[in-house]
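Worksheet: one structure, shown below.
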Amino acid sequence: MELARTLKTLWLRRRLVALGAAIATIAALLSVYTVSLAPPSMHSRTNVFATASTQLLVDAPDSAFADLANDLTPLETRASVFARFLASPAALELIARDSKVPLTSIEAQGPYDINLPVIQQEPTAGQRSSQIIGEGALYRLRFENNPVLPIVSVFAQAPTEPEATALAEAAPQALRTYISRLQARQETPPDRQVVIRRLGAATGGVVNEGASLQIALLVFIVVFGGWCMLLVPAQTLVRGWREADVYESGLPRDIAREGDHERVS
Amino acid sequence: MPTGASPAMSWSGDAWPHTRRPLPWLFAALLATIFLVPFDAVHLKVSLPFSSDFDRFLVAAIVGVWLVGTAVRRQQTVERLRPAGWAVGMIAFIAVAVVSIAFNVERITNLGEWEDAQKHLAVLFSMGAVFAIVALNLRASELRAFSILIVVLAAITATGTIYEKKTGYNVFYETSAAVFSPIADVDHSPTEINPNPATTPRPTITGPTRHALSVTTILGMALPFAVVLAAIAPVRRRRILWSIAACLIIAGALITQRKSGAVVPAMALLVLFVLRPRQLLRLAPFGLAALAVALALTPGIFSTVGELWHTSEQDSTAGRTSDYPAVVPDLLTRPMIGRGFGTLDSERVDTYRIFDNEYLGQLFQVGALGLLAFIAMIVTPLFVARSVLRSDDSVRGPPALAAGAACLAFGVACALYDILTFPQAPYLFLFMAAMCVCAASVEVPAGWIAKEPVRVRRAALA
């Protein structure tokens, strides 16, 4: 009954409902596009992005994993250090060069110690400030390392799948380059050199396709729904206003001036 | 009935549980689900583009039945006028939630947080739908029956929680797993009564929820109903019975050994005593007698209460206090509209913090505007029901008083943990908010709305 009455009210005000639909459409468009009038253009505000990931193994020249007598602890320690190094500016410079992405557009995070209590893992104000600054970066890298494994996981995000793959592929290459330079400078004997092995090619795909449509639809529904909800009490208000006019016209002037119709009635 | 509502009528002949209307039965099922089923741990074995948690299907059933009922309903003899602004808080919060996402689209999509936001929005819309449908369809003559149902369910929950503490057997999870096994997967119970003190200082007693504070909140919100029913009971036997139920509910809340858990029932009782001091002071002797019975029924509660104040909570306290400085950079970056509703993924501990305060969490996600809307959502039921909170109308007054106290208890619980992460208490809050709206509504003959001028309708609701 109430729903029917509401729908009838809206039907009687169908021009205003149509206006609401137009306003909701504009709001929906503005929620997902940046509109420019000079020159006329529309740019999507939603960033469709792709991700890619790979893993790298910190190993010995003759592969420490093939021989049970080998102690993996030194490799695990190095993997932990390398994971931290990969998020450093020196490594990012190499990654940017290899992946042909502007260095300033890359944001790197990690690794985080997953074995710590939650309260110690949570970011402090200083860490959050850095994270907030990097939130706008379109090219993102995240490094993860389990302290008991000599493996570093690389997660890359970029606007397109080839760029994300290139970014993920560049991380092992950058680490390899850096370590090779170090080994050359220190003249490390070949049998004591750390070897970085990539565990397979980077794989990835596009992640949030369709987000624009969903967000626009959501905004349309809320704006249009809100507009319609306002129309019903607005009609009641208009009706009350008209009634008040009629009522006042039949009252002595001094009483009508008070405007307190509930009290008078 | 509010004063001034001259065209009084009622549906008392067709009130739950003596009704064939399906919606009140679904409301009862919803309440039973909140108190007895760990529904956020029950995942139906169907592949859907959205979450397959049990509550979504129940909410979908409520919405579906309401829509069908609206389409096929015959002419009613009685209609209800709801108090002005009954849904303002809810609508404002939903609107700010969506606006916060629209304003942060670039960042949300860039950080891959749209999926999280979508899930949280779906839950928010579900809750909004439950609130609106209950407020639109619950009848004043049904308020007392639903109050009784709430107390009975809470007493069962409290009993199960006490049993869980004693035996380590979570009857809610185990029963749900057995009942729903053909159609759903049920997560394992988080119960741990003898944890390693080095890692977990307190036992994990969760009842039908995923968090100890969640079960204490729903019990604390149910407590005012038991107390109010005891206060208005016409005979001594019933008064004692309701008082025992109240003590059982308190015992169930305290047994979880969370200091914060003691605050919610205490606040609910305080609100009742502030609003109706004389009526509730009469209950004191019954309360003491019932407390003795409840203590006899739950041996060991004294030691549990003692443990509340002796348990090492350094991590918990440090976690709470460290939230405040850590949140400052985000608040200063987006003070008015926040980072976007539902983007606080507490599982990404390296990026986001678990706020032990829902108000802080809302300030973080939806900014100052969202926080105001969130507070408005909690306060609106009390505001709309203010005329009946102290009313002597036996149909509306006591349920409104209990529901109002429960809403305030929810508001207090919001300051103690991230309450929206655990859906039981928010669903219960919205049900009780709808009870407040229902209690403050005026029933009039059908057609009266069209005939009477606006000023008369306003006067009826004054």
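Below, chains carry the letters A, B, ... as their sequence lines are ordered, and counting in each starts from 1.
- Looking at Ile215(A), both its backbone and its side chain come within 4.5 Å of chain B, counting heavy atoms on both sides.
- Residue Ile91(B) touches chain A through its side chain alone, counting heavy-atom pairs closer than 4.5 Å.
- For the side chain to side chain donor-acceptor pair (under 3.5 Å) test, residues two or more places apart in sequence or in another chain that qualify with Arg339(B) are Glu135(A), Asp330(B), Tyr352(B).
- For Phe85(A), the CZ atom sits in a packed shell: over 12 heavy atoms of surrounding residues, nucleotides or ligands are nearer than 6.0 Å.
- When all heavy atoms are compared, the tightest approach of Arg128(A) to Ala326(B) is CG-O, 4.1 Å.
- Neither the backbone nor the side chain of Glu115(B) comes within less than 4.5 Å of any heavy atom in chain A.
- When heavy atoms are compared at a cutoff of 4.5 Å, Ala27(A) does not approach chain B at all.
- The closest donor-acceptor contact from the side chain of Arg353(B) to the backbone of Pro123(A) lies under 3.5 Å.
- The CD atom of Gln131(A) sits 9.5 Å away from the CG atom of Leu111(B) when rounded to the nearest 0.5 Å.
- Proximity to chain B involves both the backbone and the side chain of Val219(A), based on heavy atoms less than 4.5 angstrom apart.
- Val328(B) does not touch chain A: none of its heavy atoms, backbone or side chain, sits under 4.5 Å away.
- Between Phe125(B) and Leu218(A) the shortest side-chain heavy-atom distance falls below 4.5 Å.
- Neither the backbone nor the side chain of Ile108(B) comes within contact range of chain A; no heavy atoms are under 4.5 Å apart.
- The minimum heavy-atom distance linking Val105(B) with Ser31(A) is given by the pair CG2-O, 3.4 Å.
- Looking at Gln157(A) and Asn110(B), their side chains come closer than 4.5 Å, going by heavy atoms from C-beta outward.
- Atom OG of Ser129(A) is separated from atom CG of Leu332(B) by 8.5 Å, given to the nearest 0.5 angstrom.
- Atom CG of Leu138(A) sits about 9.5 Å away from atom CD of Glu106(B), to the nearest 0.5 Å.
- Between Arg45(A) and Phe103(B), the shortest heavy-atom contact is NH2-O, 3.2 Å.
- With a 4.5 angstrom heavy-atom cutoff, Gln127(A) does not touch chain B via any of its atoms.
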